[in-house]
Amino acid sequence: MPTENLSDKRMSKFKNKGKEPTKMRDRRIAECVELRKAHKVEGIMKRRNISSVGDEEPLSPEYNTDNKQVFVISEAIQEIVANVNNECPEKQRQGCQAARKLLSRERNPPLKEIVEAGLLTRFVEFLGRNDDPTLQFEAAWSLTNVASGTSWHTQQVVEHGAVPAFIALLASPMLNISEQAVWALGNIAGDGPSYRDALIDCGVIPALLARLTPDAPVGYLRNLTWTLSNLCRNKNPFPRFSAVQQMLPSIIQLLHHSDKSILSDACWAISYLTDGPNERIDVVIKTGVLPRLVELLGFEELAVVTPALRSIGNIVSGSDLQTQAAIDAGVLSALPLLMRHPKSSVQKEAAWAVSNIAAGPCQQIQQLITCGLLAPLVDLLRNGDFKTQREAVWAVTNYTSGGTVDQVVHLVKCGALEAILNLLQAKDAKTVLVILDAINNIFLAAEKLGEVDKLCLLVEEVGGLDRIEFLQNHENNAVYRAAQALIEKYFSEDGDDQCLTTEATDSNFVFGASDVQKRFDF
Amino acid sequence: MELNDGNLQTLTEYLQKTLSPDPAVRRPAEKFLESVEGNQNYPILLLTLLEKSQDEVIRVCAAVTFKNYIKRNWRIVEDEPNKISDPDRTAIKANIVNLMLTSPEQIQKQLSDAISILGREDFPQKWPDLLTEMVNRFQSGDFHIINGVLRTAHSLFKRYRHEFKSNELWSEIKLVLDTFAQPLTELFKATIDLCQTHATDVNALKVLFSSLTLISKLFYSLNFQDLPEFFEDNMETWMTHFHNLLTLDNKLLQTEDEEEAGLLELLKSQICDNAALYAQKYDEEFQPYLPRFVTAIWNLLVTTGQEVKYDLLVSNAIQFLASVCERPHYKHLFEDQNVLTSICEKVIVPNMEFRSADEEAFEDNAEEYIIRDLEGSDIDTRRRAACDLVRGLCKFFEGPVTGIFSGYVSSMLTEYAKNPGVNWKHKDAAIYLVTSLASKAQTQKHGITQANELVNLCEFFVNHILVDLKSPSVNEFPVLKADAIKYVMTFRSQLPKEQLLEAVPLLVAHLQAESIVQHTYAAHALERLFTMRGANNATLITPAEMAPFTEQLLNNLFKALAIPGSSENEYMMKAIMRSFSLLQEAIVPYIPTLIGQLTHKLLLVSKNPSKPHFNHYLFESLCLSIRITCKANRDTVGSFEEALFPVFTEILQNDVQEFVPYVFQVMSLLLEIHTSSIPSSYMALFPHLLQPVLWERTGNIPPLVRLLQAYLEKGATTIASTAADKIPGLLGVFQKLIASKANDHQGFYLLNSIVEHMPPDSITQYRKQIFILLFQRLQSSKTTKFVKSFMVFINLYCVKYGAIALQEIFDDIQPKMFGMVVEKIIIPEVQKVSGQVEKKICAVGITKILTECPAMMDTEYTKLWTPLLQALIGLFELPEDDSIPDDEHFIDIEDTPGYQTAFSQLAFAGKKEHDPIGDAVNNPKILLAQSLHKLSTACPGRVPSMLSTSLPAEALQFLQGYLQAATVQLV
């Protein structure tokens, strides 16, 4: 999710510092603590293969009743162990298939039990059995599903030496086996930066790219794209540049595919690659992908729009030049629709992107005006859900701190002031503080125009004064001080700062310079 | 300090002594305890006493002492010694929770406070097992203990409600959630089950309901920053129970008390807050539950009574509805006509009714009533919440809501008409309803600025408001009268002028009402009407239109000040001021009487100034009396001085700080009216005005500077001849003022007056010192405001004493100083000078430097000549440069001369802008052309050559325009 755009440094300018010349564009804070459920909209990190294959028998009914389950499973696993360790290929295939079926159950697959039964060594061994493709396939599938579990599960698979075996299997002439290997590697890559890099070290990228051919079926390509996206994923550290450079041309190529699921994962890949420092963003921009990304913003499918918008959001959080590149690619004509998208998560991401563009130089702010983004922005302030409103508030604060006086006036005329004043009731101290910052910026503009009194009336008229006064009782010190400063400066009808000393007696001040100045130099 | 019986005994004795009413016993004991608190085991001794002492009083005393000790010493401040030994710290943390939970309530409260202080410092890192220890107590089944834990948890967690998000904070919350959320949920469920089991046991219920309230508060804190995964997963459980609790009633828990909220109200009120939190922040996740909360809360409102004890609950509940109804995707919940009708009828109308508590305040506590009703300090009231709900509903349903209320208004008015004596409150509610429905935007200054177009305000005025205003019995139904007056005031911008004019004499009559609220409202309404502006920015109501009522108005206003309770009524005094200001010369015949009354009032209030607004308007009224009367006849100034000086002398002698700045302003006004020389009465006061003690109070500075300026304008020669020994003191004031960034402009006001008015000889000896001081300040702290004032001053000096004198005195202080000032100050900064007169002074001064200063032509300063000319042309032609360096944003920048401490500034004592150059120069551009012409004829050829070599073409073009206008040519 977008960060709290705010670093404390940004806030340090609050109140006293006037305007800061270099604007901070927000960054996602690396590894921030989350209280929420992991996001449903994010790309999927690991996946289990639960598709039913033709020969599948229906699961026996006992499996579904909880009481008997433990007993039944341990019995089934014992049988699997016996079969897998049997020398007879038929038994091995049987055992392996039974394991795969257990691991493919919709609910509560016994991942841990399979690992603890010591089956992984055998499964990895089976991956090398080029003489028995069925066995290879069943083993690959089972391992894929084990690797789809928690980090611990993935670790078991890797530590049993599955990585080189899977990479070798990528080249298998049997498409379904190769595909299963792609899938398994995707799960391993998705576990985190260290396995991802381990895979890259083992040469997974060229092996994958070799399978990216025009005649590859769509289903296969979907898996391949997803695995590539996981290889782009995660930071601390980021995947190294050489790996990114290797993958990028293919990802861009996939970004022009007609299949929605491929598009979605290719977009997620781009979003991971742009979620970093400006050098990372640069590499992506140089591929010329921006116009295509902007085009994808206009798609119907949420699965495409979400990662495309995320990518754009990341890019406009980069340097002014990078933001300009996105603007030149037409992002500003795509954003208004997204700000009015029925899904609030899309509105929020769009508002986040706008807040970053608003943090740019006033020429870019001008483009926000020209392209008609202010009206939807004010709509979001009024009617968006809370997270969207929070981003929109940031947009206003960034805008008012970097915009010219005319631009600020224009924003106020569009109704932004009234909208943010209403949000002073938000139950979030930071949002309130950010709004007070925006109000202060607007007053600074009014001072330049000599229209402070007019602005005071406007603020009062829409009930803003009451709310600011009320904030003087806020428990958060920063909030109450900011509110108090506004009240004192602009709303109260009423400072010693001696630069030189003056002597005094009871009846008079003593006139005369205290000592002879060395030399005046102005 | 050993942990033994002897020490326990000693400590007991000292604690005992700290309770003594005799300071001679108490103080030394307190001192002693403070002196030993640094010893190891001291806190453990206290804990032992509070646990084991036989004496109940000593136990509580030990608990309080312990808490204060923790408060003072627990925090470890960097670079300061650790004031509590580590073994003591460990021992305290190991025992305190248990001790707190097993102590009687009085001690428990102290220890709970202590734990939250400890927790703030040590939790979670240095006190990892605190939470588990607390959570384990949930199992105890003893609700005395459980409530102790909950209360402590609440004091530990409530900061999550207002702190900024940070990784550190969120890590702590995560940790709390991991250990606390599940047990809390179990406890919540178990407590609710127990409420059912003990549904008939009132004592058990009371304990259980306080637990539930605490649990609900904890829910709020834990869910505040973001929606935790745990609570999202368990939303069904929590929301179902919250919903049930909202709808629950139990006769046993209903309280008799009308004022104090009972347990049920507290719990439900907190649940409303919880629902409002989810609705605002976690809308997406909460959506499935929201409709049933809307229904429950609405039902709750319908069934809750009028008693004060329900106020918080009702206002929270209404605010919940108000925040939900204006969100687009919940519109449908309210859309149905029946729902709207029911909300209007059963929620809004009842909460707008005038309650007996309001009636009491109206009669017995008018001041508070007025503050609440007029000035809007009504944030938590039912009426306010109901108004907010009306406004929220109008966002989408303005038409239907207006329709429904119109029906209500007419039925309430019909009820009233049937029997006004009994049903007058119905009319009050009707007026209130119309007002809240019609107001869309409002300010103090203009009243309602945007109204609901669907409400016919004029018709309502004619049919229902005017009747009450016209009623011959002024003192009957005072509440309705006050309502009617307030209506006129509120909708003054919406009502046509004829109706306002019709209202004026009626309002004048209401000034005589006995009810304080009523006559105050009448005064306030008149005051507001008199400030309204019509065409050409003239007052909407003219003095001519007021003529028939003038005498009555003035009489009634002053008579009202004699009504008990209104003797210092600020609204009344403000209305007096405004009436004077509107009526102007029409008041002259009444002044001889009125000035006596005003002076008398001043004498009374100066004994003990308590109402700052009243006093301010009193002085304003005095100023207006003087101004208006003396405008007609200057000679009357003497009679004002005669009337006022005795009171003023008393104020100055008794040093009535609140009034001194006012007195100086009124004196300035009086002195400025004099045409001949300065009266001796003023001169006698002159030395006193220079006393440093007066200048230490910031509020005195602007009026004192103003007064000294008046002295200089009227009496410079008198000062030079009879008080020359005071000149250094006068300059000392200037020196003091320019030393301050906030007051330097005041110092320049004074200096400008000195230069302009004092005979040159009298200040010759001080001139060099003056400039040195200015240069010192410029060197040490060069602010934009200072530079602007400095520039005006040196140019004024140049105009007065000539350019050569200016150049010589600069270069005498330091070689090449003049060039430096021209180059580094004048040329780059002159564009910042603001104000007509200030710009003119600079233009004339710079023209003189360019054309009357040989050094500019014949020395190394010559290179500055063209740039200076260019800067002057820029001053004429370019827009003012109003940029301010970043670090100066928060110094008060005074762009226009005036008084900065605005409160004590009397608007009607204001002085006219003074132009020291006056008619001598009408058009500085022409002066420049003529002066250049003169210069060029003195040294032919030089001026055109300087212009053609380095003046930019654009500037040259402007200059040629000036030359043409002056019909001169350069040679």
Side-chain angles (χ1 to χ4, degrees), chain A residues 4 15-19 29 31-38 344 383 385-387 425-430 433 444 448 450 457 460-463 466 470 474-476 478-479 489 493-513 516-517 519-522, chain B residues 162-165 167 170-171 173-174 224-229 232 277 280-281 283-284 327-328 376 379 441-443 445 449 687 690-692 728-729 731-733 735-736 739-742 766 769 772-773 775-782 814 817 820 824-825 882 886 889-890 892 901-903:
Chain A
E4 289 330 300
K15 275 206 332 200
N16 281 320
K17 288 302 287 178
K19 292 183 177 166
I29 297 168
E31 313 237 33
C32 62
V33 184
E34 280 299 339
L35 301 176
R36 280 220 177 219
K37 253 186 200 311
S344 59
N383 298 324
D385 80 343
F386 179 69
K387 281 171 281 178
Q425 290 166 313
K427 294 183 202 303
D428 178 63
K430 185 123 287 169
L433 189 61
L444 289 177
K448 291 200 176 141
L457 278 183
E460 185 185 350
E461 217 175 41
V462 298
D466 277 357
F470 194 62
H474 202 278
E475 299 245 23
N476 186 299
V479 170
K489 183 144 186 250
E493 306 186 37
D494 293 323
D496 200 288
D497 51 352
Q498 299 289 306
C499 310
L500 302 170
T501 56
T502 312
E503 304 288 318
T505 67
D506 278 351
S507 58
N508 275 326
F509 287 107
V510 180
F511 175 66
V516 181
Q517 186 84 21
R519 236 191 101 73
F520 295 112
D521 182 15
F522 312 122
Chain B
H162 60 256
E163 297 225 338
F164 293 141
K165 173 184 180 175
N167 269 356
W170 282 36
S171 308
I173 297 177
K174 214 174 162 65
F224 194 90
Q225 293 272 332
D226 202 350
L227 175 59
E229 178 163 9
E232 187 176 344
L277 176 74
Q280 185 187 93
K281 296 184 84 166
D283 191 29
E284 198 179 341
R327 302 194 69 86
I379 274 194
Q442 183 167 18
T443 69
K445 199 165 173 184
T449 51
L690 307 176
Q691 285 173 21
L731 290 167
V733 170
Q735 179 176 350
K736 170 76 180 167
S740 146
K741 282 193 220 171
Y766 307 111
Q769 279 295 323
I772 291 177
L773 285 166
F775 291 143
Q776 282 181 345
R777 167 63 211 271
L778 206 51
Q779 183 94 359
S780 73
S781 172
K782 181 180 157 188
Q814 181 180 304
M817 177 70 111
M820 181 160 69
K824 300 281 178 58
I825 311 275
D882 60 354
D886 280 350
H889 270 300
F890 286 84
D892 270 327
T901 31
F903 184 67

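In this text the structure is predicted, and so the values were computed from the model without any measurement. Both backbone and side-chain heavy atoms feed into the values below; hydrogens, waters and symmetry mates do not. Convention: sequence-line order gives letters A, B, ...; per-chain numbering from 1.
- Across B:Gln225 and A:Leu35, no two heavy atoms sit closer than the pair CB-CD1, 4.4 Å.
- The backbone N or O of A:Lys427 lies less than 3.5 Å from a partner atom in the side chain of B:Lys281, making a donor-acceptor pair.
- Using a 4.5 Å heavy-atom cutoff, the side chains of B:Gln735 and A:Phe509 are not in contact.
- The minimum heavy-atom distance between B:Gln280 and A:Gln425, with the atom names listed, is NE2-O, 3.6 Å.
- The NZ atom of B:Lys174 sits 8.0 Å away from the CD atom of A:Glu34 when rounded to the nearest 0.5 Å.
- The nearest pair of heavy atoms linking A:Leu433 to B:Phe164 is CD2-CZ, 3.3 Å.
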Please assess A:His474 against B:His162 for the test side-chain contact (heavy atoms from CB on, under 4.5 Å), listing each intermediate value before the final yes or no.
CA-CA 8 Å; A:His474 202 278; B:His162 60 256; 4.0 Å; yes

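- The side-chain contact (heavy atoms from CB on, under 4.5 Å) search around A:Asp385 returns A:Ser344, A:Lys387, A:Thr388, not counting sequence neighbours.
- Residues A:Phe386 and B:Asp283 form no side-chain contact, since every pair of their non-hydrogen atoms from C-beta on lies 4.5 Å or further apart.
- Interatomic distance, A:Asn383 CG to B:Arg327 CZ, rounded to the nearest 0.5 Å: 7.5 Å.
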